[in-house]
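Heads up, the thing below is written out as structure tokens.
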Amino acid sequence: MQISNNTAVSIHYTLTKDDGEVIDSSIGHEPLAYLHGTGSIISGLEAALHGRNTGDKFKAHIPASDAYGQIFEDRVQVISREMFDGIDNIEVGMQFHADVSEGPGIVTVIAVEGENVTIDGNHPLAGMPLNFDIEIIEVREATAEEIEHGHIHGAGGHHH
Ligand code: ZN
């Protein structure tokens, strides 16, 4: 079956940086299952999958602009340690949920100097082109309920 809007798609993927470093892979796990045409995966990958068929294998190079976007310098901020209420040890690499200007997001601590903590609200993959190695495992019509919910149910999807 061919991928079109409101099909339920299952894929195996391996995601690498341009230098070949593997960032993430579904190999050895359940395939990733998503509802096509809803923006639930990055736009460049959704576009690359559109019109493909069950069993297709392909590679896609996605520019940062169609993946996690550019790096915004103003999302790097120095804040006071006091802002981390109740956390005694702030360390580089820690991640926190925070309300940033674009809405709720995750910030990463990138430096700690005395009372000053530098946080980065950019997505860790922002500014980076991504390479996907894709195999399409299954394509089926989504149910009316799945379309209404905006996600798929069952293996690899939501269970509720
Ligand atoms: Zn649901």
Side-chain angles (χ1 to χ4, degrees), residues 1-18 20-72 74-77 83-87 93-110 119-160:
M1 185 172 171
Q2 192 176 26
I3 295 176
S4 59
N5 288 347
N6 292 327
T7 52
V9 180
S10 298
I11 58 171
H12 269 307
Y13 68 93
T14 297
L15 169 59
T16 53
K17 296 182 184 179
D18 275 357
E21 182 189 338
V22 175
I23 299 168
D24 190 19
S25 178
S26 67
I27 304 298
H29 306 279
E30 270 189 86
L32 171 73
Y34 76 98
L35 180 62
H36 189 81
T38 58
S40 60
I41 61 173
I42 62 169
S43 63
L45 182 58
E46 190 160 57
L49 282 156
H50 197 82
R52 305 263 186 181
N53 289 281
T54 307
D56 281 1
K57 294 181 183 183
F58 65 98
K59 295 177 193 298
H61 179 83
I62 313 288
S65 56
D66 296 325
Y68 292 98
Q70 303 302 321
I71 291 173
F72 293 96
D74 62 1
R75 291 184 191 171
V76 177
Q77 295 176 357
M83 301 284 285
F84 297 88
D85 207 18
I87 302 164
M94 291 175 92
Q95 293 189 312
F96 298 92
H97 287 275
D99 285 318
V100 290
S101 48
E102 300 73 33
I106 290 182
V107 300
T108 305
V109 175
I110 58 171
I119 57 168
D120 185 353
N122 287 292
H123 190 282
L125 299 179
M128 202 181 289
L130 300 178
N131 300 280
F132 285 92
D133 209 327
I134 300 290
E135 179 178 4
I136 300 170
I137 306 300
E138 186 191 13
V139 184
R140 63 170 170 82
E141 297 282 358
T143 66
E145 188 186 47
E146 287 170 328
I147 292 167
E148 189 187 324
H149 287 196
H151 56 233
I152 74 159
H153 298 152
H158 284 246
H159 301 269
H160 63 94

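If you read the sequence from its start, that first residue is 1, and numbering goes on from there. In listed order, ligands and their atoms are each counted from 1.
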For the Zn ion (ligand 1) the protein N, O or S atom count under 2.8 Å stands at 4
Which of parallel (below 30°), tilted (30 to 60°) and perpendicular (above 60°) describes His123 and Tyr68?
parallel
Hey, could you give me each pair passing salt bridge (Lys or Arg N to Asp or Glu O under 4.0 Å) that has a residue in residues 8-17? Not counting sequence neighbours.
Lys17-Glu21
Below 30° counts as parallel, above 60° as perpendicular, anything between as tilted: where do the rings of His160 and His153 land?
perpendicular
Identified side-chain contact (heavy atoms from CB on, under 4.5 Å) counterpart of Ile42 within the set Leu125, Leu15, Leu130
Leu130
Sequence neighbours left out, what pairs pass side chain to side chain donor-acceptor pair (under 3.5 Å) with at least one residue falling in residues 39-50?
His36-His50, Thr38-Ser40
Sequence neighbours left out, cut at 3.5 Å: what donor-acceptor pairs do the side chains of residues 133-142 make with other protein atoms?
unit_1, atom_1, unit_2, atom_2, d
Asp133, OD2, Lys59, NZ, 2.8
Arg140, NH1, Glu146, OE1, 3.1
Arg140, NH2, Glu146, OE2, 3.0

